[in-house]
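These notes are about the structure you will find just below.
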Amino acid sequence: MSLYRDDGIVLRTHKLGEADRIVTVLTRRTGKVRGVAKGVRRTTSRFGARLEPFTHVDLQLHTGRTLDVITQAETIRPYGEALVADYPRYTAGSAMLETADRLTLGEKEPALRQFLLLVGGLRTLGSGEHEPRLVLDAYFLRSLAVAGYAPALESCARCKAPSVRAFAIVAGGVVCGGCRPAGAAVPAGETLALMVALLKGDWLTADASEGRHRAECSGLVAAYLQWHLEHGIRSLRHVERELAQ
Ligand SMILES: [Zn+2]
């Protein structure tokens, strides 16, 4: 058995037997790791509370035959604390964790950029500087881009023509009048500009956007993300419900 250290964000946990948990962590160097935390469900556990979703932890693990064993856990930053008191931020954060999990398919495949995007997204979400849905959409667009699914936003996804008319998920983003498939959405120019701003991290433009363009942007980004992930992101349904209220 070999010992290694890494830091990462806890994505999810589930029960194992009477007292243990399996903890899924997106780490900085190793990629996604599933580790067993023994005895953490006992009240006397030294590190149970540190292995909750949203927590940035520093870990020591032993390599096991099937699952690695977490032997030490120190909290670097408990991002969940800033989110639990605020339902829209909490649901946006949950959608981020689930997306990070879905976009990092293999275990122990280094995914440094996805890790950094997730840390940045959770930090921004917790700071309260920007509307949670904007932070979430920026995270979705950038994590899709890192995974190789960046939508075309400034020229036609099919022929590269600079003049675009519509947004077509199946085509991979915006399309010109000639390439436009039937049923493609025709978003406002401001909505496309907002998507570009979120992808680039231009918060001045994003924060100045109007509600209707944010709503249209969220709808397109959610549909685009779900199409690429094949199945729906469960947490997103709560975000949609929140928006509808
Ligand atoms: Zn075209």
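First listed ligand is number 1; within each ligand, the first listed atom is number 1.
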Exercise for review: Count up the protein N, O or S atoms sitting under 2.8 Å from the Zn ion (ligand 1), would you?
Suggested key: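 Those protein atoms number 4 in total.
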
Point to revise | Charged N-O contact under 4.0 Å between Arg28 and Asp6 | key: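 Here Arg28 does not pair with Asp6 in a salt bridge, since their nearest N and O are not under 4.0 Å apart.
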
Exercise for review: Kindly state each residue pair satisfying ring-ring contact (aromatic ring centres under 6.0 Å, His included) with at least one member in residues 104-124, sequence neighbours excluded.
Suggested key: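 Applying ring-ring contact (aromatic ring centres under 6.0 Å, His included) to every pair that reaches into residues 104-124, excluding sequence neighbours, yields His56-Phe115.
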
Review point. If we only count heavy atoms from C-beta on, is the Trp203 to His130 side-chain gap below 4.5 Å?
Key: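 Yes, at least one pair of side-chain atoms sits under 4.5 Å.
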
Review point. Heavy-atom distance under 4.5 Å between the side chains of Val25 and Ile9, does that happen here?
Key: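 Not in contact.
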
Review point. Any chance the rings of Phe54 and Tyr90 have centres within less than 6.0 Å?
Key: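 Yes.
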
Check your understanding: So, the side chain of Lys32 versus the backbone of Thr104: is there a donor-acceptor pair under 3.5 Å, distance only?
Key ->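 Such a contact is found between Lys32 side chain and Thr104 backbone.
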
